[in-house]
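It should be emphasised that the depicted structure is a prediction, and the values quoted were computed from it without experimental measurement. Computed from heavy atoms alone, side chains included, the values below leave out hydrogens, waters and symmetry copies.
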Amino acid sequence: MQIGDSIPQTLWDLKLQTFNHPEGKNTITLNEYKGKLIILDFWATWCGSCIAAMPKLDSLQQQFSKDIMILPLSKETKQKLSTFITNNEKLQKLSLTYVAEEQALHQAFPHQIVPHVVWIGKDAKVLHISSSAGVNKQQLSNALAGKAFKESIKADLLNFNRYESLPAHAPLLTASKLTAYLKGAPSYLGWPKNQDTLRYFATNASRLSLYALYSPMLLEMPRNQLIFEGGLLAQDFLALGTAKEASLYCFELLLNPSLKDKASAIIKQQLDGSFGLQTQYEKRSMPCYIIKSKGAPLPYPQQPKNSLAGWLRLYNKESAHIPILNESGQQPNIPKLAVNATVVEINEALATVGLYLQEAERTLEVFVFKPDQTPTR
């Protein structure tokens with residue numbers, strides 16, 4: 001039933017099982033209180049907020065006894081209610097009349113959340129629906145005077161099923177999904193294009209690529225500045241080796257636009273939590289090689305040749321390589337050189353253009369992956 005509906009005669013005449021009636025009655029009908037403001041308070045013994053509200057309802061019943069009737073209703077048995085109320089310090093001294101084993105009124109006024117309060121006016125129509133918090137002296141006085149309710153109407157989501165995925169009725173704040181490799185789908189990273197809902201997603205991407213949704217610069221960071229600790233293996237994050245598909249994932253995060261400024265932190269939090277990791281940028285002093293100049297640059301070699309800058313990018317993409325930094329101030333072409341060349345071979349190639357390698361320590365920005373060792377509560 002809805003606000004404004006007239007209560008059918010069958011409900012007025014319905015016999016209700018009672019406990020704690022002032023005259024010792026075992027049954028009552030709503031018809032006995034017709035002409036008063038009737039407050040039906042749907043509750044349960046397991047509901048803490050229902051129980052907490054009872055002393056207030058009892059006090060209001062006494063203050064407005066000539067004009068209102070407050071009836072707490074429960075589906076639970078009369079014996080269970082009697083035992084519970086008798087043993088409860090908050091309820092045992094109250095004078096409210098409780099209704100037990102009630103089904104018909106629950107069906108007439110369906111709800112998901114208790115306490116659920118239905119107001120029936122003196123005109124025998126549904127006047128208002130609220131929580132017990134809305135039952136107070138001011139609201140009762142207004143209702144008896146025919147004034148409008150200031151409190152919003154309590155409207156439960158009746159088709160809500162706690163065992164199913166959340167419905168789309170409420171405004172989205174965050175929603176994420178992480179799946180294993182999706183056969184037949186391309187490898188792709190995507191950032192938001194629509195401002196109504198921010199969507200970050202990846203299909204068949206390595207774990208490192210997933211973290212690029214958090215920080216795109218990770219895609220350009222030299223692989224030998226990615227640090228894997230606590231037994232983690234670079235190949236599992238870069239999707240290398242024969243079991244490549246087992247190291248690829250699909251990920252999607254939907255965000256309310258109000259969270260745009262927190263998007264990166266939320267992505268990182270979601271990924272860290274899903275993979276059981278702690279990740280962060282750090283500055284670390286690391287052993288490396290630096291390229292230095294012997295003096296005036298020599299003429300660049302003819303074919304075959306490599307761009308030094310291009311070769312360095314490829315060399316530093318190998319996780320196992322000690323970083324090489326070019327501090328010569330020069331960007332020459334060098335003789336053809338394999339990515340896995342030895343230090344001797346690299347020095348021979350650099351010597352042709354007046355450059356050489358030198359061992360050094362440098363503070364580099366790195367990105368660290370390690371297992372999350374935060375104690376669980």
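- Taking 4.5 Å as the limit, every side-chain heavy atom of T27 sits out of range of all side-chain heavy atoms of L16.
- Residues Y211 and L213 fail the side-chain proximity criterion, which asks for heavy atoms closer than 4.5 Å.
- Between F149 and W119, the ring-plane angle classifies as perpendicular under the 30° and 60° cut-offs.
- Between Y188 and F201, the distance from one ring center to the other falls under 6.0 angstrom.
- A distance-only check finds a donor-acceptor pair linking the side chain of Q61 to the backbone of I70 [under 3.5 Å].
- Residues I68 and L60 share a closest heavy-atom pair of CD1-O, 3.8 Å.
- Considering only heavy atoms from C-beta on, K78 comes within 4.5 Å of N26 through its side chain.
- Between E151 and S130 the shortest heavy-atom distance is OE1-CB, 3.0 Å.
- The closest side-chain heavy-atom distance from L226 to V366 is not below 4.5 Å.
- Donor-acceptor pairing under 3.5 Å is lacking for the side chains of D13 and T29.
- For the residue pair T83/T86, the side-chain donor-acceptor check at 3.5 Å is not satisfied.
- Side-chain contact between I334 and L308 is present, with at least one heavy-atom pair separated by less than 4.5 Å.
- Under the 6.0 Å cut-off for aromatic ring centres, F109 and H116 do not qualify, their centroids lying 6.0 Å or more apart.
- In this structure, R207 forms no cation-pi arrangement with Y249, as its terminal cationic atom is not both closer than 6.0 Å to the ring centre and no more than 45° off the ring axis.
- In this structure, L105 is not a member of the same hydrophobic cluster as L127, with clusters built from ILVMFWY side-chain heavy atoms closer than 4.5 Å.
- Salt bridge status for E327 with K292: absent, with no side-chain N to carboxylate O gap under 4.0 Å.
- The closest side-chain heavy-atom distance from F42 to P72 is not below 4.5 Å.
- When each of Y281, F237, F275 is checked for a ring pair (Phe, Tyr, Trp, His ring centres under 6.0 Å) with F369, only F237 meets the rule.
- Proximity of L259 to L198: side-chain heavy atoms (C-beta onward) are nowhere separated by under 4.5 Å.
- Relative ring orientation between F367 and Y214 is described as tilted, the plane-to-plane angle lying within the 30° to 60° band.
- Nearest heavy-atom pair, W311 versus A338, reported as atom, atom and distance to 0.1 Å: NE1-O, 3.2 Å.
- Contact detail for E229 and P371: the closest heavy-atom pair is O-CD, 3.4 Å.
- The side-chain heavy atoms of L40 and I120, taken from C-beta on, include a pair separated by under 4.5 Å.
- Taking both residues in full, the closest heavy atoms of Q112 and D156 are given as N-OD2, 2.7 Å, listed atom of the first, atom of the second, then distance.
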* Asked: R313 and E220: salt bridge (Lys or Arg N to Asp or Glu O under 4.0 Å), yes or no, with the steps?
  -> CA-CA 9 Å; R313 279 195 296 273; E220 302 300 324; over 6 Å; no
